Number of protein chains: 2
Amino acid sequence: MGPTIADVARVAGVSRSTVSYALSGKRSISGETRQRIFDAIRDLGFTANAGARALATRRTMVLGLLMQFEPDEFAPAMLQYVMAVTETARRKGYDILLVTDHDGPAALRRITDSGMVDGVVLLDVLHDDPRLPVLREAHRPAATVGLPADTEGLDVYDLDFGAAARQIVDHLRDLGHPEIVLITPPRPVFSRGGAYSWRFRDAAVEQAARRGVRLTAHYGEADPSRIPATVGAVLDAHPQATALIVHNDATAAMLPAVLGARGVAVPGDLSVISLYSADFARTFSLPYTFVESAPGLLGRSAVEALVHRLDHPGGPDRPVTRLVAPHLIDRGSTR
Amino acid sequence: MGPTIADVARVAGVSRSTVSYALSGKRSISGETRQRIFDAIRDLGFTANAGARALATRRTMVLGLLMQFEPDEFAPAMLQYVMAVTETARRKGYDILLVTDHDGPAALRRITDSGMVDGVVLLDVLHDDPRLPVLREAHRPAATVGLPADTEGLDVYDLDFGAAARQIVDHLRDLGHPEIVLITPPRPVFSRGGAYSWRFRDAAVEQAARRGVRLTAHYGEADPSRIPATVGAVLDAHPQATALIVHNDATAAMLPAVLGARGVAVPGDLSVISLYSADFARTFSLPYTFVESAPGLLGRSAVEALVHRLDHPGGPDRPVTRLVAPHLIDRGSTR
DNA sequence: TACGGTTTTCGAACCGGTTCGACGGAGAAA
DNA sequence: TTTCTCCGTCGAACCGGTTCGAAAACCGTA
């Protein structure tokens with residue numbers, strides 16, 4: 001299609017290898033020759049062929065991004081991870097191969113075995129994720145967002161959901177709330193193995209017990225149209241509750257409408273505190289106090305760790321698991 | 001890294017070319033030889049190297065997906081295009097290189113000139129999109145979602161926003177509404193050149209005039225936190241208006257809360273009709289009558305057209321511009 | 001003038017596939 | 001028996017880069 005390095009060499013009157021060295025800078029080239037080469041490159045509009053380069057260098061400069069799209073996940077939040085990952089990758093010189101196959105393990109095998117990617121980022125990793133065995137066989141650097149049971153060989157990034165839960169419970173207890181209700185992710189998230197769901201819930205329950213606060217957890221709705229009824233039922237079931245914790249994006253997004261329709265004032269009648277990203281809050285104008293879920297930070301960190309590992313092969317750094325400390329942003333919806 | 005075709009050939013006791021032919025089926029191979037080859041492939045766990053194959057065949061089996069992320073676009077809707085594109089591509093045997101660079105033209109040049117992709121899908125194409133000149137120089141098949149001024153050489157898919165507007169206006173007129181207000185996309189979308197914005201608005205205004213209905217258009221808010229106030233101001237300014245058309249996802253998503261807070265009953269006090277996808281309505285439990293914006297269909301069609309063109313190079317089919325006919329789904333929010 | 005040491009450039013091999021032309025052997029037709 | 005086909009397989013060239021070892025050119029010094 002376009003001009004090749006041989007064309008450049010011919011026009012510049014040098015050999016192909018000289019052009020290659022001028023481009024990579026791995027050997028010194030005289031100023032005059034270099035000039036002729038770059039002139040030729042410009043005149044011809046030469047761009048190195050990615051496939052040929054990948055073949056020779058065994059580096060594609062492409063990262064695989066594996067995400068699966070579960071119907072009980074709230075789609076909007078996922079885009080924040082995707083954007084953070086692609087933008088960070090580009091800044092580091094990598095492109096992103098986006099893989100959303102339903103059969104995650106097979107897809108992972110496909111892109112690693114064929115050498116399409118130098119490394120992979122896994123989103124939404126489950127406690128016992130079926131992609132991990134495949135990943136270990138592939139012998140390719142990988143970073144995850146989401147904490148699996150076995151982190152061997154992986155750079156793992158996730159929010160410290162336990163700490164987040166404790167911070168939220170303490171926050172409400174310090175305000176004097178004797179009874180709290182928690183809306184968790186939908187039940188399928190738990191049964192599928194989305195560890196963040198029970199890491200948050202169990203820590204909340206435990207901390208409440210430790211602090212002498214009554215706390216009851218209820219599953220959020222996977223079907224959005226049932227959210228208003230479910231929230232209503234939960235509130236009805238706990239007339240004494242003065243505080244609501246929401247750990248579910250879909251529920252949080254519609255909470256203003258739901259509470260508005262019931263005539264519940266926040267924080268007058270009910271203190272509300274949630275767990276999502278600032279971006280998410282902005283998109284839906286959610287006025288609640290919340291703990292930042294940091295998708296941007298997590299996605300960025302995962303890519304940076306992965307790229308570091310790729311750029312320093314055989315480096316001494318052990319894989320790291322980092323649980324990001326929660327950060328509470330007070331918007332005055334609790335008192 | 002992994003085994004190569006030479007390893008397979010050695011184990012099976014044949015030449016490399018024979019293995020290649022067994023794999024591709026382009027020449028006949030005796031049953032017994034074929035069996036030995038596939039046994040070797042299985043035993044070794046061989047997968048062909050993508051870069052080498054791309055180099056030899058000049059096909060990467062990868063499509064570029066170019067999207068830009070504007071702060072005044074509503075993020076959740078974009079994910080539907082991305083999912084439709086990636087899933088369709090996979091079904092056709094292609095992977096997706098996701099490109100979100102801020103500098104779209106440069107990114108496009110990079111992935112085409114380097115031969116990373118066989119073709120590209122452009123999302124959210126502007127009336128006078130700066131990526132198009134680059135695209136024409138690249139001589140690579142392309143499909144777009146969004147209708148540009150010059151469609152030369154492109155397969156273009158978009159909703160027929162003009163027809164959608166006329167259908168909506170007629171629908172409201174037939175119900176007897178004398179005055180209608182329309183909330184359009186935010187002003188930056190117009191000035192940037194998002195043609196769908198004015199194609200819808202201008203057609204609505206024109207059709208209303210033709211039908212003898214009063215219709216006033218107002219810009220939606222780019223800043224979500226200002227949406228309630230803006231909707232309120234628009235309604236206050238038109239106390240006689242009995243119908244509201246919403247052509248803006250962000251506004252639609254919060255409309256239940258906004259109208260609820262104002263005590264406006266739908267359709268009792270106000271008929272509401274909107275333009276978004278069924279998926280979007282489901283995610284936010286929006287109860288309004290709407291015209292389907294069909295992101296799934298558009299994304300799928302664009303990829304299918306692109307793949308067809310790639311699989312039939314030099315085929316006789318002229319590039320096609322297809323404006324999908326609008327489909328109104330009555331949810332009873334107008335009367 | 002010959003010599004040693006740098007600096008710059010070249011040629012060839014290699015990465016791992018695909019594909020073209022040719023060749024050997026088997027079976028059919030002459 | 002010879003000739004012609006057709007089938008199955010092989011070897012070599014090629015896709016477009018990178019990289020290693022060595023040659024060539026240039027410099028100052030003995």
Side-chain angles (χ1 to χ4, degrees), chain A residues 1-38 40-41 44-62 93 110-118 313, chain B residues 1-38 40-41 44-62 93 110-118 313:
Chain A
M1 208 87 175
T4 73
I5 201 171
D7 298 322
V8 174
R10 187 163 23 72
V11 169
V14 297
S15 72
R16 294 191 302 151
S17 53
T18 302
V19 175
S20 179
Y21 284 122
L23 243 12
S24 68
K26 292 191 178 172
R27 285 193 186 177
S28 60
I29 301 289
S30 73
E32 192 223 354
T33 304
R34 175 213 261 44
Q35 192 54 55
R36 286 210 316 280
I37 290 175
F38 282 118
I41 287 175
L44 294 171
F46 166 79
T47 304
N49 180 282
R53 176 169 281 172
L55 185 55
T57 61
R58 303 158 150 283
R59 299 283 301 271
T60 63
M61 301 308 282
V62 173
R110 185 169 54 77
I111 65 171
T112 53
D113 287 2
S114 67
M116 300 182 84
V117 298
D118 293 336
Chain B
M1 209 90 175
T4 73
I5 202 170
D7 298 321
V8 174
R10 187 163 20 74
V11 169
V14 296
S15 71
R16 294 190 303 152
S17 53
T18 303
V19 176
S20 179
Y21 284 123
L23 244 11
S24 69
K26 292 190 178 175
R27 283 192 186 178
S28 60
I29 301 289
S30 75
E32 192 223 354
T33 304
R34 175 211 263 45
Q35 191 55 56
R36 285 210 316 282
I37 290 174
F38 282 116
I41 287 175
L44 294 172
F46 166 79
T47 304
N49 180 283
R53 177 169 281 170
L55 185 55
T57 62
R58 307 163 145 283
R59 297 284 301 272
T60 63
M61 302 306 283
V62 174
R110 186 168 54 79
I111 65 171
T112 54
D113 287 1
S114 67
M116 299 182 84
V117 298
D118 294 336

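Only a predicted model underlies this, so the values are computations on that prediction, with no experimental measurement involved. Convention: sequence-line order gives letters A, B, ...; per-chain numbering from 1.
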> Residues from residues 48-58 of chain B sitting under 4.0 Å of DNA chain C, heavy atoms only?
Replying inline: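 Residues of residues 48-58 of chain B that come under 4.0 Å of DNA chain C are, in numerical order, B/A48, B/N49, B/A52, B/R53, B/L55, B/A56, B/T57.
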
With rounding to the nearest 0.5 Å, note down the distance linking [atom1] in [X] to [atom2] in [Y].
X      : Y     : atom1 : atom2 : result
A/M116 : B/T60 : CE    : OG1   : 7.0 Å
B/S17  : B/K26 : OG    : NZ    : 13.5 Å
A/D118 : A/T57 : CG    : OG1   : 8.0 Å
B/I41  : B/I5  : CD1   : CD1   : 7.5 Å
A/L44  : A/R10 : CG    : CZ    : 8.0 Å
A/R34  : A/S28 : CZ    : OG    : 8.5 Å

>> Reading DNA chain D in the 5' to 3' direction, which nucleotide is the first one with an atom under 4.0 Å from a heavy atom of chain A, and which is the last?
In response: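 Contact boundaries, 5' end first: D/dG16 to D/dA22.
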
>> In this structure, how many angstroms lie between the C1' atom of C/dT6 and the CZ atom of A/R27, rounded?
In response: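 About 13 Å, once rounded to whole Å.
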
> Could you give the OH-to-C1' distance, from A/Y21 to C/dT8, as a whole number of Å?
Replying inline: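 So the two atoms are 12 Å apart, to the nearest Å.
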
> So what does B/T4 touch, heavy atoms closer than 4.0 Å: a base, only the sugar-phosphate, or nothing?
Replying inline: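 It contacts sugar-phosphate atoms only.
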
>> Considering every strand and a 4.0 Å limit on heavy-atom distances, what is the contact class for B/S17: base, sugar-phosphate, or nothing?
In response: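 Base contact - B/S17 has a heavy atom under 4.0 Å of at least one base atom.
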
>> Can you confirm whether A/L23 sits close enough to A/F46 that some side-chain heavy atom of one is under 4.5 Å from a side-chain heavy atom of the other?
In response: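 When only atoms from C-beta onward are counted, A/F46 and A/L23 do touch, with a gap below 4.5 Å.
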
> Taking side chain as C-beta onward, heavy atoms only, is A/I29 less than 4.5 Å from A/V14?
Replying inline: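 No, too far: nothing below the 4.5 Å cut-off.
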
> Any side-chain N or O of A/T18 less than 4.0 Å from the OP1 or OP2 oxygen of C/dT9?
Replying inline: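 Indeed not, no polar side-chain atom of A/T18 lies that close.
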
